[in-house]
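Counting starts at 1 for both ligands and their atoms, in listed order. Because only heavy atoms are used, hydrogens play no part in the values below, and waters and symmetry mates are left out as well, while side chains stay in.
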Amino acid sequence: MVTKPDVPADDPVKVAEFEARIANGESIEPKDWMPERYRKQLIRMMSQHAHSEIVGMLPEGNWITRAPSLRRKLSLIAKVQDEAGHGLYIYCGTETLGVDRHELVTQLLNGTAKYSSIFNYPTLSWADIGVIGWFVDGAAIVNQTVLAKASYGPYARAMIRVCKEENFHKRQGYEICSVLASGTPAQKAMVQDAVNRWWWPSLMMFGPSDKDSPNSADLLRWKIKRFSNDELRQRFVNLTVPQAMAIGLTLPDPDLRSDESGREWSFGEIDWTEFFEVVAGNGPCNKDRLAARNAAQNEGAWVRDAAEAFAAKHRERVAGAA
Ligand code: BYC
């Protein structure tokens, strides 16, 4: 793994004490001393995660008005609303590290922050909503169940709640897929097409392969991450292949093979050029996503102004009464 030497060194005695706490399995809390690099890594990763939840509302929100039944519409609205909650929750967690969320949101809006590559792909059919729940939330669960044991307390606690909700999301997605897969030939073709388009981008969600992951060394040493990108990707593949088989869908990888136990699946080469292009802002929907977030920010200005005016009046009233 390569490393990123971009933060000045901390007092070595304090670092040794901190690392002993980590080795001991202790939870690090906001007021505890922490190396500057630990803080920076957490702000980076948590803010990207919060942005992903917020941008992640867009591909699915696109289908709320076109859901095929009232029941599907209700569960999709609930899911998208949950993602907003996750984003706000994780922004709060990030603020415990001494950063202002406005700064983070500004970085998202001006295109200097990253968010998950997966949300730069379009949702072309109703089946995409099922596949997002099944693959994207499924991948999120694999990743975030482990993050629920991360060394930073506020992040770990946020992940416990988030994972409970992601489980519901995954089930609703898999159920949509299983209904379509056992439906008419046209429905089955629609869900197979969605699987074909979302499979490889879902594997990319876990990040670059371990040898190209500059942040993993820090994150694993400090037990923010507990498993590497490749280990979690493998876990996701092992869980998902049998689920696809159970509903009669195929995954678009001619190199998928199981070992003798039938539980460990090897898979083909990921197109890393595509991944890095999407992360660099050149995916199919990067520009649309940022435009939609900026439009929402501008259209919501009057709400923020009203809330601030209300808070100022309240402060005046309290000061007047004192
Ligand atoms: N997309 O050193 P690496 C959700 C960047 S939300 C874009 O391996 P790290 C959901 C990475 O940031 C899902 N960028 O990084 C929401 C780094 O760039 P910088 C989001 C990516 O942090 C709504 C560079 O590549 N989940 O589930 O060790 C609806 C090198 O990577 C991606 C989280 O955020 C990517 N896929 O590992 C439904 C979970 N991958 O910052 C569902 C928390 C990597 O050095 N995050 N990059 O410029 C993590 O677990 C880790 O940050 C990652 C990456 C595994 C994603």
Side-chain angles (χ1 to χ4, degrees), residues 1-4 6 40-61 76 78-87 89-90 93-94 107-108 112-121 123 128-129 131-148 150 152 155-156 158-159 162-163 165-170 172-173 198 200-222 224-233 236 270 272 274-283 286 289:
M1 283 168 198
V2 273
T3 50
K4 285 181 127 184
D6 57 357
K40 284 233 157 71
Q41 277 287 18
L42 277 169
I43 292 173
R44 180 192 66 81
M45 182 168 152
M46 290 171 70
S47 62
Q48 288 176 5
H49 189 167
H51 298 327
S52 303
E53 300 281 355
I54 298 299
V55 178
M57 296 161 72
L58 296 170
E60 292 178 289
L76 183 57
K79 179 182 191 298
V80 172
Q81 195 170 294
D82 284 351
E83 311 300 357
H86 298 171
Y89 211 44
I90 302 169
T94 316
Q107 290 165 2
L108 172 67
T112 54
K114 289 196 172 73
Y115 58 85
S116 185
S117 50
I118 193 75
F119 301 118
N120 292 308
Y121 291 85
T123 38
D128 289 33
I129 300 308
V131 173
I132 288 179
W134 175 21
F135 286 176
V136 177
D137 288 271
I141 293 168
V142 167
N143 173 267
Q144 292 166 20
T145 309
V146 181
L147 289 175
Y152 189 56
Y155 194 30
M159 288 303 103
V162 167
C163 281
E165 294 181 348
E166 303 286 27
N167 260 307
F168 152 73
H169 299 166
K170 184 189 165 184
Q172 67 86 38
W198 287 92
W200 290 106
S202 299
L203 296 192
M204 294 173 195
M205 281 179 73
F206 293 91
S209 63
D210 295 350
K211 65 178 176 24
D212 296 318
S213 167
N215 300 293
S216 280
D218 277 351
L219 297 176
L220 288 165
R221 183 168 84 250
W222 287 323
I224 296 170
K225 276 184 180 177
R226 299 283 181 146
F227 293 95
S228 75
N229 297 357
D230 286 332
E231 286 169 324
L232 292 178
R233 187 168 12 247
F236 172 74
I270 292 173
W272 291 116
E274 175 180 326
F275 170 77
F276 287 113
E277 274 296 301
V278 175
V279 173
N282 305 318
N286 297 59
R289 301 299 183 229

Evaluation steps, side-chain hydrogen bond (donor to acceptor under 3.5 Å, both in side chains), between Glu166 and His169: CA-CA 5 Å; Glu166 303 286 27; His169 299 166; 2.9 Å; yes
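- Between the CG atom of Asn143 and the CE atom of Met159 there is a distance of 8.5 Å, given to the nearest 0.5 Å.
- Note that CG of Asn120 and CE of Met204 are 12.0 Å apart. Values are rounded to the nearest 0.5 Å.
- Considering backbone and side-chain atoms alike, Tyr155 places every N or O at 3.5 Å or more from each N or O of ligand 1.
- When the heavy-atom distances from atom 54 (C) of ligand 1 to Met46, Lys225, Met57 are ranked, the shortest goes to Lys225.
- Note: Phe135 and Phe236 have perpendicular aromatic rings, judged against thresholds of 30 and 60 degrees for the angle between ring planes.
- Counting atoms of ligand 1 from 1 in the listed order, those under 4.0 Å from a heavy atom of Val279 are 7 (C), 14 (N).
- Here Leu219 has side-chain heavy atoms under 4.0 Å from ligand 1, and that is the only part of it that gets that close.
- In summary, the atoms of ligand 1 found under 4.0 Å from a heavy atom of Met204, numbered by their order in the structure, are 36 (N).
- In this structure Phe119 satisfies the ring pair (Phe, Tyr, Trp, His ring centres under 6.0 Å) test with no other residue, sequence neighbours excluded.
- Considering backbone and side-chain N/O atoms, Asp212 never comes within less than 3.5 Å of an N/O atom of ligand 1.
- Counting only heavy atoms from C-beta outward, the side chains of Ser213 and Lys225 approach each other to under 4.5 Å.
- Nearest-residue assignment for atom 50 (O) of ligand 1 (options Asn143, Ile224, Asn215; heavy-atom criterion): Asn143.
- For Tyr115, every heavy-atom contact with ligand 1 shorter than 4.0 Å involves the backbone, none the side chain.
- Proximity of Asp137 to ligand 1, defined as any heavy-atom pair under 4.0 Å, is confined to the side chain (atoms from C-beta onward).
- When side chains are defined from C-beta on, Lys40 does not count as touching Asp218, because their heavy atoms never get closer than 4.5 Å.
- Note that CD1 of Ile90 and CD of Gln48 are 12.0 Å apart. Values are rounded to the nearest 0.5 Å.
- Counting heavy atoms under 4.0 Å from ligand 1, residue Val278 does not touch it at all.
- To the nearest 0.5 Å, atom OG of residue Ser47 and atom OH of residue Tyr115 are 14.0 Å apart.
- With a heavy-atom cut-off of 4.0 Å, Phe275 touches ligand 1 through its side chain alone.
- Distances between N or O atoms of Pro214 and those of ligand 1 include at least one value under 3.5 Å.
- Each of the atoms 36 (N), 56 (C) of ligand 1 lies under 4.0 Å from some heavy atom of Met205.
- Distances below 4.0 Å separate heavy atoms of Met45 from the following atoms of ligand 1: 43 (C), 46 (N), 49 (C), 50 (O), 52 (O).
- For ligand 1, the polar-atom distance check against Glu53 finds no nitrogen or oxygen pair separated by under 3.5 Å.
- Heavy-atom distances between Leu147 and ligand 1 reach below 4.0 Å in at least one pair.
- Distance alone, capped at 3.5 Å, is enough to place a donor-acceptor pair between the Thr123 side chain and the Pro59 backbone.
- Atoms of ligand 1 found under 4.0 Å from any heavy atom of Ala140, numbered from 1 in the order shown, are 27 (O).
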Might you work through the salt bridge (Lys or Arg N to Asp or Glu O under 4.0 Å) test for Arg233 and Asp230, ending with a clear yes or no? CA-CA 5 Å; Arg233 187 168 12 247; Asp230 286 332; 2.7 Å; yes
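- Where the criterion is an N or O separation shorter than 3.5 Å, residue side chain and backbone included, Asn229 meets it with respect to ligand 1.
- Residue Asn286 holds its CG atom at 9.5 Å from CD of Glu277, rounded to the nearest 0.5 Å.
- The distance from ligand 1 to the heavy atoms of Gln144 drops below 4.0 Å at these ligand atoms: 26 (N), 27 (O).
- Distance check, rounded to the nearest 0.5 Å: CG of Asp137 to CD of Glu165 gives 11.0 Å.
- Nearest-residue assignment for atom 33 (C) of ligand 1 (options His49, Glu60, His51; heavy-atom criterion): His49.
- Between the side chain of Arg289 and the backbone N or O of Tyr121, at least one donor-acceptor pair lies under 3.5 Å.
- Counting heavy atoms closer than 4.0 Å to ligand 1, residue His169 contributes nothing at all.
- Each of the following atoms of ligand 1 lies closer than 4.0 Å to a heavy atom of Ser117: 1 (N), 7 (C), 35 (C), 36 (N).
- Interface atoms of ligand 1 facing Gly207, defined by a heavy-atom separation under 4.0 Å, are 40 (N), 44 (C).
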